[in-house]
Amino acid sequence: MGAGVSGNQGKPSILAGAGRGRAFDAETDAAALRLLEEQKHVFADWSSVRQSLENGAIIQGRDRNILDALVELDARLDLTAYTTTAKRLLQDATNKVNPLEGWTPSVPQGDLLEAHSEEWRAMERVGLREVGACAFVLVAGGLGERLGYDGIKVSLPAESTTGTCYLELYIKTILAFERRSATTQLPLCLMLSKDTEAATRALLKEHNNFGMRADQISFVVQAGVPALSDDKARFVLDHDNILCKPHGHGDVHSLLAQSGLPKKWLDRGLKRVFFFQDTNAFALRTLLPALGSAASRNLDVCSTCVERRAGEAMGALCLLKKDNKSLLKNVEYNQLEPLLLAATGKGDVETPSPYPGNTNQLIISLQGEHGYVATLERTGGNVPEFVNPKFNANRTFKKPARLECMMQDYPQLLQGGSVGFVTLSRKAVREYAPVKNSPASAIDKVKQGLDAHCASSGEADFYALHGDFLRCGRDVVIGGKEPGVYRGLSIEMPPRIVLSPSFALIEDDVISKVKGVTVKQGATLVIEGEGSVELEDVIVEEGSALRISTGEGVVLRVLGLKVANAGYRVEAPGVTKAEVIRGFRIVRRDETHLKFEEPGSYAVAPLDLSSDDEDEDDASRLPLILGAAAVAVLAVLLMRYRRIS
Ligand code: UTP
């Protein structure tokens with residue numbers, strides 16, 4: 001099943017010195033000359049280039065630039081291996097060869113966790129303990145062409161109530177993990193590409209790494225691979241250069257192998273590495289139950305899955321069998337249809353699919369014989385490649401193809417070990433809400449009965465998840481959703497609840513911190529910052545907004561607060577590019593803002609409450625500082641009617 005892999009493993013290029021005075025010998029340089037001959041169409045005058053190479057004459061001008069580009073590509077990729085693999089895979093694609101021919105799929109057995117269950121909470125507790133020994137790898141080198149946004153995706157707001165961008169959300173959550181359960185700094189590595197590197201570094205610099213130490217963040221950068229115009233693997237010119245395209249997120253494993261980072265993480269006592277993608281705001285929230293499940297079962301590799309719908313652009317985990325071989329494999333959606341057709345006579349038609357949908361969040365153990373470090377040392381992290389050319393009616397390519405690779409194919413590098421998955425389920429909202437599609441293509445998806453997976457649906461899902469999370473508290477009432485149409489797409493907008501990772505990471509946190517909270521329809525509740533917040537008897541009236549901001553070291557109790565103000569409004573269509581792709585912006589008309597930055601214990605309560613605290617246990621656990629409480633109450637009174645410009 002495995003295809004060949006590209007990568008020169010540090011060997012010098014067979015084209016070294018081409019056009020720079022080294023004479024190529026027809027016998028000893030036969031492979032180099034054959035490689036160039038196959039790509040002769042990229043030169044203005046191949047016969048004179050060949051003559052100069054054989055004579056050792058210096059080549060000048062445009063053809064020299066092309067030769068230099070080929071030398072660089074060959075040193076990095078081994079172009080002979082790249083084109084050999086490409087020709088084989090492209091010819092198979094042209095001849096419609098099914099790469100999974102002969103393999104029979106069956107539904108794999110994994111763990112299934114339902115939010116709000118005892119089992120879920122138990123796994124979250126294990127996950128929270130284990131996350132203190134995790135490294136994090138964010139793959140963020142993709143172009144994001146489907147989204148129709150020209151900036152980097154990690155700079156987009158995950159929700160526009162606070163405007164927190166994905167990268168900030170991820171970093172703040174990792175820092176919250178660190179504060180809660182680590183004895184050491186938790187490393188974050190970003191895989192970038194030439195399309196995303198400069199802008200991502202600038203975003204981090206502008207925001208002081210969102211609070212993370214510079215030496216905690218590392219980068220690996222993927223380079224493109226040559227685009228191919230036909231099944232002879234002929235390269236394509238882009239002005240006077242060789243056109244290169246992204247090689248896929250599977251590059252992350254070979255780049256990490258070259259970086260030596262996984263070995264350093266293991267030596268520092270870390271146990272696992274978590275891989276996640278650029279625009280899924282739930283990634284680090286779903287990590288904890290998934291990690292609990294992976295750790296409890298001692299898995300070397302664990303994929304996080306959700307229920308899959310028929311025809312969805314999401315890989316399916318299948319147990320594949322052929323002869324006496326059996327493997328748990330992610331089957332991409334374009335390969336699932338022929339595989340199921342061959343096996344059952346019916347294609348990918350069942351919703352929910354019996355095959356779990358892979359969210360591409362991987363938990364991989366660093367240690368042991370089948371661990372990440374040992375596997376990278378043995379394989380260089382080169383996962384199998386594939387091609388996906390789009391054909392015209394006459395079987396020519398619609399646009400240039402290239403070899404690609406996927407990070408979820410990592411288990412194919414293992415020789416044994418335990419590979420598994422966990423499926424996460426939540427009634428209120430699916431545990432996967434990536435932002436990948438433009439509004440127009442989201443409308444098409446919805447017409448097909450699929451998730452929109454665009455910026456507006458991702459934002460509504462964000463609030464739905466946070467509202468459902470808050471519901472773990474005692475006597476919590478979350479108001480109904482407000483219907484709206486944004487860029488032609490119908491969205492049901494839940495009350496806009498944004499809970500910082502410091503407020504709650506697991507359901508137990510909400511259970512212990514929330515009692516009697518109502519957030520009515522169209523209302524906003526934001527809990528932001530690094531402090532600890534408890535809510536008791538809090539009502540945010542319809543359309544009103546309550547924002548609670550705390551600094552590190554603050555312990556705040558909000559008791560008996562009723563908020564009624566003009567709140568925040570969702571207004572179409574939006575002005576900035578980030579707003580335009582979701583079709584709305586959030587306008588802050590009024591809010592009640594409780595802000596506590598100085599470390600200490602505070603309470604916000606009706607003025608008479610300091611003498612009326614019935615809960616003796618709670619009072620002894622959290623000292624109510626009367627002076628601070630009085631200031632806090634004053635703050636409420638002052639801010640309740642404050643207009644926001
Ligand atoms: P997507 O499948 O969303 O691809 O990538 P994309 O390139 O970002 O978007 P489209 O297809 O052009 O619309 C899933 C994840 O893999 C990363 C992306 O940044 C995203 O986090 N990725 C993708 C890479 O890091 N490198 C790649 O070459 C491709």
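All ligand and atom numbering here is 1-based and tracks the order in the structure. What you see below is based on every heavy atom in this structure, not just the backbone, and it leaves out hydrogens, waters and symmetry mates.
Residue, atom and distance of the protein heavy atom nearest to atom 16 (O) of ligand 1 are His249 CD2, 3.1 Å. For atom 25 (O) of ligand 1, the nearest protein heavy atom (residue, atom name, distance) is Gly141 N, 2.8 Å. In terms of protein heavy-atom proximity, atom 2 (O) of ligand 1 is closest to Arg146 NH2, 3.1 Å. The nearest heavy-atom contact from the protein to atom 17 (C) of ligand 1 is Val139 O, 3.8 Å. For atom 12 (O) of ligand 1, the closest non-hydrogen atom on the protein side is Glu145 N, 2.8 Å.
Relative to the ring axis of Phe219, Arg201 places its NZ or CZ within 45° and under 6.0 Å from the centre.
At a cut-off of 3.5 Å, with distance as the only test, a side-chain donor of Asn280 or Gln361 sits close to an acceptor on the other residue. Donor-acceptor pairing under 3.5 Å is recorded for the side chains of Tyr463 and Glu459.
The shortest heavy-atom contact between Arg430 and Phe282 is O-CE1, 3.2 Å.
Using a 4.0 Å cut-off between heavy atoms, Glu404 makes no contact with ligand 1 at all.
Within the 6.0 Å centre-distance limit, the rings of Phe275 and Tyr372 are counted as a close aromatic pair.
Against a heavy-atom cut-off of under 4.0 Å, Pro246 is close to the following atoms of ligand 1: 28 (O). Close contacts between ligand 1 and Lys436 involve ligand atoms 1 (P), 2 (O), 3 (O), 14 (C) [criterion: under 4.0 Å to a heavy atom]. In summary, the atoms of ligand 1 found under 4.0 Å from a heavy atom of Gln222, numbered by their order in the structure, are 24 (C), 25 (O), 26 (N), 27 (C), 28 (O).
A perpendicular orientation is assigned to the rings of Tyr432 and His453, their planes being inclined by more than 60° (bins at 30° and 60°).
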Per-pair distances, 0.1 Å, donor-acceptor, side chain in residues 135-143, under 3.5 Å, sequence neighbours excluded:
none

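Taking each of Gly142, Gly250, Ser438, Ala313 in turn, the one with a heavy atom nearest to atom 24 (C) of ligand 1 proves to be Gly142.
Ligand 1 lies less than 4.0 angstrom from a heavy atom belonging to Lys153. For the pair Gly144 and ligand 1, a heavy-atom separation below 4.0 Å is found.
Sorted by first and then second residue, the pairs that involve residues 188-209 and meet ring pair (Phe, Tyr, Trp, His ring centres under 6.0 Å), not counting sequence neighbours, are His207-Phe210.
Ligand 1 has no N or O atom lying under 3.5 Å from any N or O atom of Gln277, backbone or side chain.
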